[in-house]
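Inspection log for the structure reproduced underneath, given as structure tokens.
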Amino acid sequence: MGDISQQLQEQVLQARSGGEKLNIVGGGTKAFMGRESSPDAGILDVGGHTGIVDYHPVELVMTVRAGTPLSDIEAALAEQGQALHFEPPHFGPESTIGGTLACNLSGPGRPWAGSVRDQVLGIRLLNGKGEHLRFGGEVMKNVAGYDVSRLQAGALGTLGLITEVSLKVMPSPAASLTLVQDMAMDEVLHCMNSRAAEPKPITAACWVDGKVYLRLSGAKSAVEATAEKWSGDVMENGQAFWRSVQDMQHEFFTGNDSPLWRFSVGSTAANPAIEGKWFIDWAGSQRWFRGAGELSDMEPLARTAGGQVSLFRGGDRSGEVMHSQPNALKTIQCRVKNSFDPDGIFNPGRLYSWL
């Protein structure tokens, strides 16, 4: 559709003057995340705000409108032999770059390539006053003071409507292969962390169903030399496996309707003592659990492992789904929210009931 920023700005101004709330919607593929959307709020549809604004392959920078589908971005990058190294998950063909940043979503290469938050250079944002603001730019060292661009990562749209995103892009690896071998869960954390500590071209490490998978990517000579040295069989069609992990289409994520919990913990921490089905990713830093439970019971386990937990998908989403915050941090978050959205227009209660 192109640039509809003026239309979006007018809708925000009308909502503010009328005392209305707005639920931000892009491609609609991440509606399951966060708490339930407010049924009394209107829809602010950014899905039509699409298109690549600027792309400099030599400088490894791309600027796109927030409603641009990830597939369009990746297709344009592939023509130049480049890619988004944070490997954003596609929950459907309509998945957008704005929603990916708002939800802070990154794929299996996160520990090595960085997150979407790390790749953001600048944004344009409509705040709750209807002001269309620009933060950051198109180079890495351009931030003085508060880094508002990266503050949007994981805010679930509660701080405003992202209209444009400038990203760092990277060359696609020359070669890639995956090693797989049988391994018990109580052995895999040591294995993955040991491999990750070696100066080798490892770009992903996960464990599921009794097998550990290690992806090697980079120069062909380095990939092949490492594969010969490390144990494990070369997996046929390893690229398809990692794509299923990236897009959360692996059987672990699709073959069960039980609630899905995400533990973000220390990579070497012992696995939380919960019986059930586990998927260990990011060399141990991200651990997915399938099963019923209460957030109040999961949080102490996450803290013991040096991190946090959230109810990522399914379960009761009328209550809190994110790890609870200390009062001091709540105060800061409320102040930030009030600075960007003083009337509480955007995505009320989506991130926390109190925000």
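Basis for what follows: all heavy atoms, side chains included, without hydrogens, waters or symmetry-related copies.
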Here the pair of heavy atoms bringing G27 nearest to T96 is N-CG2, 3.7 Å
Side-chain heavy atoms under 4.5 Å apart, restricted to Ile/Leu/Val/Met/Phe/Trp/Tyr: what other residues fall into the cluster of V25, or is it alone? I43
Compute whether any side-chain donor of one residue and acceptor of the other, for D40 and S38, lie under 3.5 angstrom apart. no
Is the shortest heavy-atom distance from the side chain of H323 to the side chain of R303 under 4.5 Å? yes
Do the side chains of K277 and D209 get nearer than 4.5 Å, heavy atoms only? yes
Are any non-hydrogen side-chain atoms of L105 and M33 less than 4.5 angstrom apart? yes
Flag the pair T226 / P201 as yes when at least one side-chain heavy-atom distance between them is below 4.5 Å, and no otherwise. yes
Side chain of T68, backbone of G51: donor and acceptor closer than 3.5 Å? yes
In chain order, what residues pass the salt bridge (Lys or Arg N to Asp or Glu O under 4.0 Å) check against D257, with sequence neighbours excluded? none
Residue list, side chain to side chain donor-acceptor pair (under 3.5 Å) with S285, at least two apart or on another chain: none
To the nearest 0.5 Å, tell me how far L167 CG sits from I97 CD1. 5.0 Å
Heavy-atom side-chain proximity of L179 to R195 below 4.5 angstrom: no
ring-ring contact (aromatic ring centres under 6.0 Å, His included) against F312, all qualifying residues, sequence neighbours excluded: F32, W288
Side-chain donor/acceptor of S106 to backbone N/O of V116, under 3.5 Å: yes
Which residues pass the salt bridge (Lys or Arg N to Asp or Glu O under 4.0 Å) test with E87, sequence neighbours left out? R215
Between F289 and M322, is there shared hydrophobic-cluster membership here, with clusters defined by ILVMFWY side-chain heavy atoms closer than 4.5 Å? yes
Donor-acceptor contact below 3.5 Å, side chain R317 vs main chain L311: yes
Considering residues at least two apart in sequence or located in another chain, which fulfil the salt bridge (Lys or Arg N to Asp or Glu O under 4.0 Å) criterion with K21? none
Give a yes or no on whether V61 and V53 share a hydrophobic cluster (residues Ile, Leu, Val, Met, Phe, Trp, Tyr; joining criterion: side-chain heavy atoms under 4.5 Å apart). no
With a 4.5 Å heavy-atom cut-off, do I123 and L101 have their side chains touching? yes
Side chain S149, main chain F135, donor-acceptor under 3.5 Å: yes
Say you draw a straight line from CG of L351 to SG of C103; how long is it, rounded to the nearest 0.5 Å? 10.0 Å
Donor-acceptor pair, side chain of W282 and main chain of C206, under 3.5 angstrom: no
Under a 3.5 Å distance rule, please check whether E20 uses its side chain to pair with a backbone N or O of G42 as donor and acceptor. no
Identify whether V223 and V234 are in the same connected component of the hydrophobic contact network (ILVMFWY, side-chain heavy atoms under 4.5 Å). yes
If I take atom CD1 from residue I73 and atom CE from residue M62, how far apart are they, to the nearest 0.5 angstrom? 6.5 Å
Just by modelled atom types, is the G160 backbone N or O under 3.5 Å from a matching donor or acceptor in the N127 side chain? no
Counterpart residues, ring-ring contact (aromatic ring centres under 6.0 Å, His included), relative to Y213 (two or more places apart): F241
How long is the span from the OG atom in S217 to the CG atom in L177, to the nearest 0.5 Å? 7.5 Å
Side chains of P348 and N23, heavy atoms from C-beta outward: is any pair under 4.5 Å? yes
Please check: side-chain N/O of Q119 versus main-chain N/O of A113, any donor-acceptor pairing under 3.5 Å? yes
Measuring from atom CZ of R117 to atom CG of N104, what distance do you get when rounded to the nearest 0.5 angstrom? 8.0 Å
Tell me whether E198 at atom CD has more than 12 heavy atoms from other residues, nucleotides or ligands lying less than 6.0 Å away. yes
Same cluster or not: are F86 and Y55 linked, directly or through other Ile, Leu, Val, Met, Phe, Trp or Tyr residues, by side-chain heavy atoms under 4.5 angstrom apart? yes
Could I get the full list of salt bridge (Lys or Arg N to Asp or Glu O under 4.0 Å) partners for D72, not counting sequence neighbours? none
Contacts of Q246 meeting side chain to side chain donor-acceptor pair (under 3.5 Å) (sequence neighbours excluded), chain-then-number -> none
What residue pairs, at least two apart or across chains, pass side chain to side chain donor-acceptor pair (under 3.5 Å) with a residue in residues 343-355? R16-D343, E320-S353, Q325-Y352
Side chain H49, main chain T163, donor-acceptor under 3.5 Å: yes
Nearest-0.5 Å distance that lies between atom CG in L214 and atom OG1 in T178: 8.5 Å
Using only atom types and a distance under 3.5 Å, with no angle test, would you say the side chain of R290 pairs donor to acceptor with the backbone of S258? yes
Report, as yes or no, whether the 6.0 Å neighbourhood of atom CD on E187 holds more than 12 heavy atoms from other residues, nucleotides or ligands. yes
Is there a path of hydrophobic side-chain contacts, each under 4.5 Å between heavy atoms of I/L/V/M/F/W/Y residues, joining I280 to W242? no
Measuring only between side-chain heavy atoms, which start at C-beta, is K200 closer than 4.5 Å to K229? yes
With side chain to side chain donor-acceptor pair (under 3.5 Å) as the rule and sequence neighbours excluded, what pairs involving residues 305-315 come up? none
For W261 and I274: C-alpha separation, side-chain torsions, deciding distance, then whether side chain to side chain contact (heavy atoms under 4.5 Å, CB included) applies. CA-CA 12 Å; W261 300 85; I274 318 173; over 6 Å; no
With sequence neighbours left out, the residues meeting ring-ring contact (aromatic ring centres under 6.0 Å, His included) with H132 are none
Exactly one of F263, F252, W207 clears ring-ring contact (aromatic ring centres under 6.0 Å, His included) with W278, and that residue is F263
With a 6.0 Å cut-off (strictly less than), is the heavy-atom count around CD of E294, excluding the residue itself, greater than 12? no
